[in-house]
Each structure stands twice: as structure tokens, then as C-alpha cells.
Amino acid sequence: MIPRELIDTAEVPGGLPLKLYRRGNDYMITLERNELMSSRMSGSEAALGTMTCEHLGSRPAPRLLVGGYGMGFTLRAVLAKLGADATIVVAELVPKIIAWARGPMAALADGCLDDPRVEVVLGDVGAAIETASADYDAILLDVDNGPDGLTRQANDGLYTARGLASAKVALKSGGILAIWSAAPDPAFTRRLTQAGFDTEEVRVRARDNGKGPTHMIWFARRS
């Protein structure tokens, strides 16, 4: 077996450090003993981007907010679906995540951060949402592990009634709030409905070949 090599460690504001590992051509980002993401399992993250664009439909000059760059699978999926008039704002709390995308994982990133449609904001996506008002056609959240977070307690605020109310204000009429999770969460589904979103739950496989664990994506439309 090819040994796993530690590449770097990243400090997380208000949370435990993340570690980047490489095994052969594969990369993994871990929190303690939990593997948060892996280049081997990109299917559900890519589905978050592709399916959000499909739910959004055709809009002139769409503006999207992607919360959490991760390994860039969602961003690249969005870029593949949208035209030259789109703007995608990527909010990433951990600067080293972006540094890794431009450094050891540059081949995996495939230049997506340098696409002229992309704006990178180093900071909390929650702050970007709270300061917005009908600014976004879609908000895509792949933050922590979903509503039941692991990385940082402050991330939980995104999924509270107050956080969902802020997201609703930040969206344009008919806009989509899309949220990735490692597992279903019936209580969160009810919370989305109570917040006034028209909500759809979609189960997707972790791998792009349709295999691996099942993850959840919520598509919540603002009326």
C-alpha cells in the first residue's frame, strides 16, 4: 500500500486544525480522525454545483455565492454549466485551503480560481450572506459536514432559523439555497420549510461513478 504523506496543516479560526495528506495521486483533507474531503470522492460536491445550475435555469448574468472552496469540485461544476456573463463569488474561511489549491493541488484545481468569472473572498461565508440583500441568484453551501457540523461551532449558525432568514434575504426572488450534507437531517428539512423555502431533498452518491456513501443535498427556493 502507498503510504499517506502529510503535506501541510492549516489553522481554522475558532476550530481545530485541518491537515492535507497525499497518497499517490489522491489528496485528503482531515480533521483529527475524520476525513472531511477526498479527491477520490467528488461526485456529490460536483452534483451540488451542476444540479443547482439546473434548478436555477436560464438567468441573465447570474451571480452565485459558493461557501467553502474545499477541493473545488463544486466551483468547477458551476463554471462548466454557466456562461461568460456569470459571476461566482467563492467565500473561503481558511486561507491555506486556497493556498493548497494554488500549490500542491494546482493540477486538481485546473485553474478554476483564475477564471475571470470567479471572485475569491477570504472570510466567513456567513458574513457574506448577512451583508447581502437580493444579491445572489444562488447560494451553495458545502461548509463543515452539513447542518451537523464538525469543524467549527460557529458554522452551525448558517443552519439556524436566523441563518436561513439571512440567506433568504440575500437571495433574489426565485433564488436557490443549495446545501450539501454528509447525512440526512429531518429536523433541518423542517427548519427550511418553516423558513418559507420550497424545499427538495436529493440523495447523491459520493463518487462520480455512482458508488460510495450516500450524501444529501437540499435545494431550497425562495418564493
Side-chain angles (χ1 to χ4, degrees), residues 42-93 98 101 109-143 146-147 158-159 161-181 188-189 191-204 208 215-223:
S42 61
S44 60
E45 286 86 352
L48 174 64
T50 299
M51 296 176 72
T52 298
C53 293
E54 291 170 352
H55 278 72
L56 197 58
S58 178
R59 290 190 175 205
R63 184 174 177 84
L64 283 68
L65 173 63
V66 175
Y69 172 79
M71 291 186 173
F73 296 116
T74 298
L75 174 60
R76 292 195 293 281
V78 167
L79 290 171
K81 293 291 288 187
L82 298 181
D85 63 344
T87 299
I88 302 97
V89 179
V90 177
E92 175 53 58
L93 179 69
I98 300 299
D110 196 26
C112 66
L113 291 171
D114 298 317
D115 190 294
R117 295 170 290 176
V118 174
E119 300 176 8
V120 178
V121 175
L122 292 176
D124 191 339
V125 67
I129 291 171
E130 289 179 0
T131 57
S133 179
D135 287 350
Y136 297 106
D137 295 280
I139 298 172
L140 298 80
L141 296 179
D142 182 0
V143 175
L158 294 167
Y159 308 108
R162 177 179 174 181
L164 295 177
S166 295
K168 194 172 182 182
V169 170
L171 287 166
K172 299 177 184 178
S173 178
I176 300 291
L177 173 62
I179 296 172
W180 181 96
S181 176
F188 181 66
T189 302
R191 208 175 305 143
L192 282 168
T193 302
Q194 291 164 357
F197 287 100
D198 181 11
T199 303
E200 177 186 358
E201 297 174 283
V202 178
R203 297 173 188 266
V204 292
D208 55 12
H215 295 157
M216 175 69 75
I217 303 175
W218 288 272
F219 296 99
R221 186 181 296 273
R222 176 186 174 175
S223 58

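Sequence positions, counted from 1, serve as the residue numbers for this chain. Please read all numbers here as calculations on a predicted model, not as lab measurements.
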What's the shortest heavy-atom distance between A109 and A101, and which atoms? CB-O, 3.5 Å
D85 side chain to A61 backbone, donor-acceptor under 3.5 Å: yes
Taking every heavy atom of F197 against every heavy atom of L177, the minimum-distance pair comes out as CZ-CD2, 4.0 Å
List the steps and the verdict of side-chain contact (heavy atoms from CB on, under 4.5 Å) for L140 and V78. CA-CA 10 Å; L140 298 80; V78 167; 4.0 Å; yes
Distance in Å, L75 CG paired with D110 CG, rounded so as to fall on 0.5 Å steps: 11.0 Å
Go through M216 and V202 one step at a time and tell me if the side-chain contact (heavy atoms from CB on, under 4.5 Å) criterion holds. CA-CA 6 Å; M216 175 69 75; V202 178; 5.8 Å; no
Could you check if a side-chain atom of C112 sits within less than 4.5 angstrom of a side-chain atom of L79, using non-hydrogen atoms only? yes
Test side-chain contact (heavy atoms from CB on, under 4.5 Å) on V89 and Y136 and set out the steps. CA-CA 10 Å; V89 179; Y136 297 106; 4.3 Å; yes
Shortest non-hydrogen pair, H215 vs S44, comes out as ND1-OG, 2.8 Å
Shortest non-hydrogen contact between G126 and L158, atoms and distance: CA-CD2, 3.6 Å
Interatomic distance, CG@L192 vs NZ@K168, rounded to 0.5 Å, equals 10.5 Å
Side-chain contact, heavy-atom cut-off 4.5 Å: V121 with V90? no
Contact between Y159 and I179 at the side-chain level, heavy atoms closer than 4.5 Å - yes or no? yes
Here the gap from I176 atom CD1 to E54 atom CD, rounded to the nearest 0.5 Å, amounts to 11.5 Å
Looking only at side chains, do H55 and E200 share a donor and an acceptor under 3.5 Å apart? yes
For I98 and V120: C-alpha separation, side-chain torsions, deciding distance, then whether side-chain contact (heavy atoms from CB on, under 4.5 Å) applies. CA-CA 9 Å; I98 300 299; V120 178; 4.2 Å; yes
Could you tell me whether the side chain of C53 reaches within less than 4.5 Å of the side chain of L82, counting heavy atoms only? yes
Can you tell me how far the OG1 atom of T52 sits from the CG atom of L64, to the nearest 0.5 Å? 7.5 Å
Are a donor atom and an acceptor atom from the side chains of T189 and W218 found within less than 3.5 Å of each other? yes
Of V169, L171, I139, the residue whose pairing with R222 passes side chain to side chain contact (heavy atoms under 4.5 Å, CB included): L171
For the student: nearest non-hydrogen atoms of E130 and S166, plus distance: CG-OG, 4.0 Å
OG of S42 to CZ of R76, rounded to nearest 0.5 Å, is 8.0 Å
Indicate yes or no: does D137 engage R63 in a salt bridge with an N to O separation below 4.0 Å. no
Given side chains that start at C-beta, do those of S173 and S223 come closer than 4.5 Å, heavy atoms only? no
Can you tell me how far CD1 of I88 sits from OG1 of T74, rounded to the nearest 0.5 angstrom? 12.0 Å
Between D135 and K172, which heavy-atom pair has the shortest distance, and what is it? O-CE, 3.6 Å
Pairs meeting criterion ring pair (Phe, Tyr, Trp, His ring centres under 6.0 Å) with involvement of residues 58-85, two or more places apart: none
